[in-house]
Amino acid sequence: MQTVDLAVQYRQKNGDKTMAVSGLSLSVAPGEVVGFLGPNGAGKSSTIKCLMGFVEPHAGSASIFGLKAGSISAKRRVGYLPEVALYYPFLTPYETLDLYGKVQGLSGKSLRTEIDNLLEIVGLGAAKKKQNRTLSKGMLQRVGIAQSLLGSPELLMLDEVTSGLDPVGRKELRQLLKERQKAGCTLFFSSHELAEVEMLCDRILLIHKGKLVEERDLGSLKEELRKFSLEFVGHTSMVGLTSELEDFGGNRIRANFTTKALLLEAVDRAKTGGAKIVDIVSEEGSLEDYFIDKIQEAA
Amino acid sequence: MKVWFALAKGVVLESLRRKDLWVVAILGFLMMISAGALGFFGFEGLQAFAKDLAATVLGLFSTVIAVITTARLMPDEIKNRTLYPLLARPIRRLDLLIGKLLGAIFVTWMSFLLLCIATGLALLVFRVQFEPIMAQYVLCKLLGLAVLCSLTFALSTIMTQAAAATVSFIFAFGSSMITRALVMAHESNPRGAGYGFKVLNGVLPQFGLFDLGGRAANMNWGPVPIWVIGSLFAYAIVYSSAMLFISWMKFNRQAI
């Protein structure tokens, strides 16, 4: 999946034009799990709509599996979950999936079996004959997730995937998406839930005001954000290792490090210098703080 | 074709669950009760009046159902965002429009036929003899309703739901009057601007052509020639296709 210099522009009712996305270039490799992040109004949904062919790009191009985004051949290979959808209020989850399945070109016993399986997987087995209008927001989101999985798509494009789900639902969804990834499915999803992103993604793309402001491998980012500290009593030089020193009085000092190697070096120096080590801490950095910083930088 | 019928089935199911057809059933029941009451008090010999009344009531209710059912289809799809999962499937936007329009036509036809059955039972009270012209009336009305659905559908893609319904009602109920006015305007000035009235008359839907109600109510009228029915059928196909084309032109490039 790829976009090159993508621009999406909307015309408002008063005739003014709003640029929702501009000059956006991104690519997602097969089998990757990519989180698409950004504050409200950043252009996430517009980008996804463009990739699905709901909106024509004002400039640039978008493709999926080398095919024009939004083309019938591309859509055959994609499952899509919209940001918020009510689904047909007077149909049941089973009928909703049956409708989408038939529109997708599926039919017969294989479709019926797949619908039953999907409804069980998303936890709607018992509610499959209730009308959608009687379902909670979380249950409707499950209907949405089930419909996106119809036909075993190779790419899942999920817009605000965890919206409306309770913690149990989120955990089940994570499990489900991980299984799909193991089966070779590519996942591209937008979310505000950084915890979800952290647990699922290989890579993140951060967008702000329609432009890509950050593209990072999540493993290396987490490593970069990790904080290490050594607390000791005594006199030991940390010159060359860190300048972040906190003095608590009585020769009690805490030194903070950016890498594990520096921490280990500091531990060696403390031992050699005869200092008494009180605590060694390794803690995850805050992804949230990182994103807020990046957004503020971009603004 | 399968896609169209799957979409149409969805529309019909939704309408059934919404209890739209219940309104029809209740109206039909009321018509039967009223006719029964009139029959009880001895209004015999009023067959022509009863048939005329039945045709008027059928025309009125079926028009209301056609417009209300069709006008909300596409605006509701967009408002409820049910359009997205549909268009994410490997279908063309034209397929979606055809499927939805077919659904609206099926719902309207089902309602009309239900009303016809109720009306037929009510007419039995007046010992009305069934004649071939009545079957022709039903057939032409079905074609006219299909044209009305396609007009409302096209309007609903270019204006709001309420505006589309209002304009459709104006055309449906004022068709004969509008036609008469345009013909008179053309005749008073056959050249120049008057020619525009003639063209406009040709473009606007001619719902009056599909209404054989007056003819069916009259005791002395026989069935209309087959070529007339054939021509109406052709007109309905061409006009509905044109309306579908207009819907597609608007919807195909629309950002959603």
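Just so it is clear, the values below take in all heavy atoms, side chains as well, and ignore hydrogens, waters and symmetry mates. A note on names: the letters A, B, ... follow the listed sequences, proteins ahead of strands, and every chain is numbered from 1.
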Fill in: Donor-acceptor pair, side chain of A/Tyr88 and main chain of B/Leu13, under 3.5 angstrom
no

Which one of [options] has the most heavy-atom pairs closer than 4.5 Å to chain A?
options: B/Lys9, B/Arg81, B/Gln254, B/Arg92; value: B/Arg81
options: B/Arg253, B/Arg18, B/Arg89, B/Lys2; value: B/Arg89
options: B/Ala6, B/Pro85, B/Gly99; value: B/Pro85
options: B/Thr82, B/Asp76, B/Leu7, B/Val3; value: B/Thr82

Fill in: Presence of salt bridge, A/Arg112 and A/Asp116, under 4.0 angstrom
no

Fill in: B/Val11 and B/Phe106, any side-chain heavy atoms less than 4.5 Å apart
no

Worksheet entry | Most chain B-contacting option - heavy-atom pairs closer than 4.5 Å, from A/Leu150, A/Val55, A/Leu99, A/Leu91 | A/Leu91

Worksheet item: Which one, A/Met157, A/Met52, A/Lys49, leads in non-hydrogen pairs under 4.5 Å with chain B?
Response: A/Lys49

Discussion item. Looking at A/Lys130, I'd like to know if its NZ atom is crowded, meaning that more than 12 non-hydrogen atoms belonging to other residues, nucleotides or ligands lie closer than 6.0 Å.
Written reply: no

Worksheet item: How about A/Tyr10: does its OH atom have over 12 heavy atoms from other parts shown lying under 6.0 Å from it?
Response: yes

What part of [X] gets within 4.5 angstrom of chain A, counting heavy atoms only: side chain, backbone, both, or neither?
X: B/Glu77; result: side chain
X: B/Arg93; result: side chain
X: B/Lys79; result: neither

Worksheet item: Would A/Glu196 and A/Ser191 count as a side-chain hydrogen bond (donor to acceptor under 3.5 Å, both in side chains) if you check the C-alpha gap in whole Å, the side-chain angles of each, and the deciding distance to 0.1 Å?
Response: CA-CA 8 Å; A/Glu196 300 299 329; A/Ser191 180; over 6 Å; no

Worksheet item: Can you tell me how far CZ of A/Arg77 sits from CE of A/Met1, rounded to the nearest 0.5 angstrom?
Response: 13.5 Å

Fill in: Under 4.5 Å from a heavy atom of chain B, the part of A/Pro89 involved
both

